Amino acid sequence: MRIASFNINGTKARLPRLLEWLEETRPAVACLQEIKCPDDVFPAEEFEKLGYKAIWHGQKSFNGVAILADGEAPVEVLRGLPGDEEDEQARYLEADVKGLRVANLYLPNGNPQPGPKFDYKLAWMERLHQRMQELMAREVPTVVLGDYNVAPDDKDVWSPRAMAQDAVFRPESRDAYRRLLNEGWTDAIDTLNPRGGVWTFWDYQAGCWPRDLGIRIDHLLLSPEAADRLVAAGVDKAHRGREKASDHAPVWVELAG
DNA sequence: ATGGCTTTAAAATAAAGA
């Protein structure tokens with residue numbers, strides 16, 4: 001059973017690429033980030049035609065997340081990350097689907113840093129830590145996946161020097177990510193590719209894609225009950241090279257059962 | 001190169017991304 005995550009950078013601009021990716025890779029569950037549309041224009045019927053039922057949490061212009069499942073409707077558990085009544089940004093959606101708890105997130109980018117956006121990112125990561133502790137305590141198979149906007153280690157960026165001032169690579173961001181993992185989560189792609197050099201994002205600028213200058217910021221974190229079923233994990237890298245591609249490639253994990 | 005692209009919203013530029 002394949003569980004996938006894809007920052008699509010705009011539903012409207014990406015729809016043909018997104019539909020062909022679903023048809024070609026047929027994930028059981030597909031979590032999308034940056035749908036960048038209000039709830040009333042999300043093209044759910046296009047996914048229905050391919051046999052996917054969806055729930056989504058959008059907003060105008062920016063952010064937005066969705067969970068698609070092959071042949072069954074995800075049962076929504078949480079819309080929005082708890083812990084801040086003032087937070088209006090659509091970045092978190094949690095559901096029960098295919099016998100798993102699935103939490104789909106679009107973590108704040110945090111640039112420029114330092115500044116209020118970076119403060120928001122770090123506060124958001126503390127709230128996520130709280131929620132992931134609750135999820136861990138349930139002791140059921142759980143996958144917390146999405147665009148974390150954190151490159152955890154030197155081996156996860158094409159150039160640590162070039163990335164040094166970027167919010168996705170600051171020590172504060174990496175420390176916060178490590179604190180999440182320390183609760184007992186398994187970073188699926190890192191576990192199966194311990195030497196690093198696996199990218200999930202290539203900037204549109206400066207020829208980063210043709211030169212393969214990327215970073216790894218999209219992650220799939222497995223609770224112990226899900227990690228016991230880990231078979232494979234990977235990146236659909238070729239999809240980054242297509243016409244009108246997102247700047248992220250899809251990432252996925254294969255679970256037994 | 002505090003941006004070399006791309007998307008969104010909206011009607012020319014501006015914000016956001018990472």
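For the numbers below, each heavy atom of this structure counts, side chains included, while hydrogens, waters and symmetry mates do not. Naming: A, B, ... by sequence-line order, numbering from 1 per chain. Since the model is a prediction, treat every value here as computed from it, not as a measurement.
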Please tabulate, one pair per line, each protein N/O and nucleotide N/O from nucleotides 11-13 of chain B that are separated by under 3.5 Å, including the distance.
none

Show me the protein contacts with nucleotides 14-18 of chain B, counting only N or O atoms at under 3.5 Å.
{"from": "B/dA18", "atom 1": "OP1", "to": "A/E34", "atom 2": "OE2", "distance (Å)": "3.2"}
{"from": "B/dA18", "atom 1": "OP1", "to": "A/H248", "atom 2": "NE2", "distance (Å)": "3.2"}
{"from": "B/dA18", "atom 1": "OP2", "to": "A/Y106", "atom 2": "OH", "distance (Å)": "3.0"}
{"from": "B/dA18", "atom 1": "OP2", "to": "A/N149", "atom 2": "ND2", "distance (Å)": "3.1"}
{"from": "B/dA18", "atom 1": "O5'", "to": "A/N109", "atom 2": "ND2", "distance (Å)": "3.3"}
{"from": "B/dA18", "atom 1": "N9", "to": "A/N109", "atom 2": "ND2", "distance (Å)": "3.3"}
{"from": "B/dA18", "atom 1": "N7", "to": "A/N109", "atom 2": "OD1", "distance (Å)": "3.3"}

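Residues A/A226 and A/T142 share a closest heavy-atom pair of CB-O, 3.7 Å. Between A/V140 and A/S223, the shortest heavy-atom distance links the atoms O-OG, 3.2 Å.
Residues from residues 234-244 of chain A placing a heavy atom under 4.0 Å of any atom in DNA chain B, listed by number, are A/K244. Within residues 11-25 of chain A, the residues having any heavy atom closer than 4.0 Å to DNA chain B are, in order of number, A/K12, A/A13, A/R14.
For A/A90, the side chain to side chain contact (heavy atoms under 4.5 Å, CB included) test picks out A/H57, A/Q59, with sequence neighbours left out. Residues passing the side chain to side chain donor-acceptor pair (under 3.5 Å) test with A/N9, sequence neighbours excluded: A/K36, A/Y204.
In the hydrophobic clustering (ILVMFWY side chains linked at under 4.5 Å, chained through shared members), A/F201 is joined by A/V157, A/W158, A/M163, A/V168, A/F169, A/W199, A/W202, A/W209, A/L213, A/I215, A/I217. Through ILVMFWY side-chain contacts below 4.5 Å, A/W252 is grouped with nothing and stands alone. Cluster note: A/I35 groups with A/F6, A/I8, A/L15, A/L18, A/L19, A/W21, A/L22, A/L32, A/F42, A/F47, A/L50, A/Y52, A/W56, A/L68 through ILVMFWY side-chain heavy atoms spaced under 4.5 Å, whether in direct contact or through intervening members. Hydrophobic side-chain contacts under 4.5 Å tie A/F62 to no other Ile, Leu, Val, Met, Phe, Trp or Tyr residue.
B/dA1 and B/dA11 have their P atoms separated by 36 Å, with the value rounded to a whole Å. Distance check on atom C1': B/dG3 versus B/dA14 gives 16 Å, rounded to whole Å. Straight-line distance between the C1' atoms of B/dG4 and B/dA9: roughly 24 Å, to the nearest whole Å. Rounded to whole Å, the P atom of B/dA18 lies 14 Å from the corresponding atom of B/dT8. Comparing the same atom, P, in B/dC5 and in B/dA10 gives a spacing of 26 Å after rounding to whole Å.
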Could you list the donor-acceptor pairs under 3.5 angstrom formed by side chains in residues 189-196 of chain A, with sequence neighbours left out?
{"from": "A/D190", "atom 1": "OD1", "to": "A/K155", "atom 2": "NZ", "distance (Å)": "3.0"}
{"from": "A/T191", "atom 1": "OG1", "to": "A/D187", "atom 2": "O", "distance (Å)": "2.8"}
{"from": "A/N193", "atom 1": "ND2", "to": "A/I189", "atom 2": "O", "distance (Å)": "2.8"}

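Among residues at least two apart or in separate chains, side-chain hydrogen bond (donor to acceptor under 3.5 Å, both in side chains) pairs with a member in residues 67-83 of chain A are A/R26-A/D70, A/E76-A/R79.
Looking at heavy atoms from C-beta onward, A/L221 lies in side-chain contact with A/L181 at the 4.5 angstrom threshold.
Rounded to the nearest 0.5 Å, atoms NE2 (A/H248) and CZ (A/R14) are 10.5 Å apart.
Checked for salt-bridge contact, A/R174 and A/D154 meet the test: a charged N lies under 4.0 Å from a carboxylate O.
The separation between A/L213 atom CG and B/dC5 atom C1' is 15 Å, rounded to whole Å.
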